[in-house]
Amino acid sequence: MSTTAPPTDKARGRKASGHAGDRGMNRIFRLVSTWSGALILATLAAVAIFLVLEAWPAISLGGEELGEQISWFPEDTSIITFVGPLIFGTLLAAFLALILATPLAVGVALFISHYAPRRLAQALGYLVDLLAAIPSVVYGLWGILAFAPIVYPVWNGIAETLGWFPLFEGPAADPPRVMATVAVVLAVMILPIITAVCREVFLQTPKLHEEAALALGATRWELVKTAVLPFARSGIISGAMLGLGRALGETMAVLMILSPGFLYSFAIFQAGQQQTIAANIAAQQPEAPPLGVSALIATGLALFVITMAVNMAARAVVARRKDFSGAN
């Protein structure tokens, strides 16, 4: 019967010092993590406080005073009434882009993760990721100089055919510096974000789930429908919300393409109907007086609140399915 020699004092010392070192590293890591989280919250609070303080002069004044001191501000209009059409235009552009981009992004991600050969999938993944690296000003130039002339016959045809529906009310503007063109360009811009998230979530689907579906005789599409998509549902929502956040704050592409207006209008083929918050800030800020800057910051505060609400809603949706989610 073999016996094990007791550890020597030297070995005990090395083991004790190792435990002490681990405890020290854990303490340092915990402190760094805590301070990093606190720094993020402090930065967010600082931004919110800055927006409220800088916007307060415009918020506290009436419409007559704002109209007298700001040349581009509508007369007899309060800041709340002024920001309303901008919020409407921002949400309309972002949701149209999301509706266009999400199905295409899910399809591309599924093709890359479950259908394409390995080499083709890698090449497509690189190309999709490359779209995210293109500056927004380049998208704006492409949208107004190349895409808009090509798409005008399409918009005009839809307006003539479905003009009875408020969304497609015609006639289509020529050149088409309209919300429909902006929505397509924004959809292209957010496509790589949603695709990248969906692709990674699809690849995290448990192999046992996929093998079980195939063992039961499922086709490739049935495998995707029964095993992949249910697992990745909250991940898809997370990717869509990230894309929505990008679309809500996009500035240069919208500014370069859209002919602005301040109406509550769903006519996406007509010019001079809508405007977004970010594009309006970029257009008016260079020549705005101090009170005008305050009014623009007030609209930025509204965009800040909208973006926070979207992110909180996305987290709530993901948290409801955290036990069966590829996003957690």
Side-chain angles (χ1 to χ4, degrees), residues 71-74 77 81-101 131 134-159 163 165-191 193 243-288 292 295-296 298-300 302-304 306-307 310:
S71 60
W72 44 263
F73 199 90
T77 301
T81 307
F82 172 72
V83 78
L86 296 176
I87 294 175
F88 175 83
T90 301
L91 294 177
L92 179 63
F95 279 107
L96 287 175
L98 189 66
I99 292 172
L100 293 173
L131 289 175
I134 299 176
S136 59
V137 66
V138 175
Y139 278 111
L141 288 172
W142 169 75
I144 192 59
L145 298 178
F147 180 70
I150 296 174
V151 82
Y152 169 70
V154 179
W155 295 164
N156 194 46
I158 296 176
F165 189 68
L167 193 66
F168 306 125
E169 183 180 352
D174 185 18
R177 302 173 63 96
V178 295
M179 183 60 72
T181 307
V182 169
V184 175
V185 174
L186 288 180
V188 176
M189 296 178 69
I190 68 177
L191 179 68
I193 299 174
L244 180 60
R246 167 72 187 276
L248 286 171
E250 180 51 44
T251 304
M252 288 308 301
V254 180
L255 178 65
M256 298 171 70
I257 297 173
L258 185 63
S259 178
F262 290 87
L263 303 176
Y264 293 96
S265 173
F266 286 98
I268 61 175
F269 293 151
Q270 296 183 12
Q273 302 292 310
Q274 308 93 359
Q275 177 66 305
T276 67
I277 294 176
N280 183 68
I281 292 174
Q284 303 296 347
Q285 192 274 335
E287 299 180 0
L296 294 176
T299 63
L303 182 60
F304 178 82
I306 293 172
T307 305
V310 168

Can you give me the closest heavy-atom contact between [X] and [Y], atom names plus distance?
X	Y	answer
Leu186	Glu250	CD2-CG, 3.4 Å
Val185	Ala253	CG1-CB, 4.4 Å
Gln274	Ser265	NE2-O, 2.8 Å
Leu255	Ala279	CD1-O, 3.7 Å
Val178	Ala173	CG1-CB, 3.8 Å
Ser136	Met252	OG-CB, 3.8 Å

Trp155 and Phe269 aromatic ring geometry - parallel, tilted or perpendicular at 30°/60° bounds: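 Parallel.
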Whether Tyr139 and Trp142 hold their rings parallel, tilted or perpendicular, with breakpoints at 30° and 60°: perpendicular
Calculate, to the nearest 0.5 Å, the distance between atoms [atom1] and [atom2] belonging to [X] and [Y] respectively.
X	Y	atom1	atom2	value
Leu100	Leu191	CG	CG	10.5 Å
Gln284	Gln275	CD	CD	8.0 Å
Phe304	Thr307	CZ	OG1	8.0 Å
Ile190	Leu98	CD1	CG	5.5 Å

Would you give me the side-chain donor-acceptor pairs under 3.5 Å for residues 82-95, sequence neighbours excluded?
residue, atom, partner, partner atom, Å
Thr90, OG1, Leu86, O, 2.8
Thr90, OG1, Ile277, N, 2.8

Any residue meeting salt bridge (Lys or Arg N to Asp or Glu O under 4.0 Å) with Arg177, in chain and number order, not counting sequence neighbours: none
Candidate pair Ile268 and Leu96, rule side chain to side chain contact (heavy atoms under 4.5 Å, CB included), full reasoning: CA-CA 10 Å; Ile268 61 175; Leu96 287 175; 3.8 Å; yes
Side-chain touch Val310/Leu248, heavy atoms, less than 4.5 angstrom: yes
Whether Thr181 side chain and Pro176 backbone form a donor-acceptor pair below 3.5 Å: yes
Exam field: side chain Gln285 to backbone Gly292, donor-acceptor pair closer than 3.5 Å: no
Phe266 atom CZ: more than 12 heavy-atom contacts under 6.0 Å: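 Counting other residues, nucleotides and ligands, CZ of Phe266 stays at 12 neighbours or fewer.
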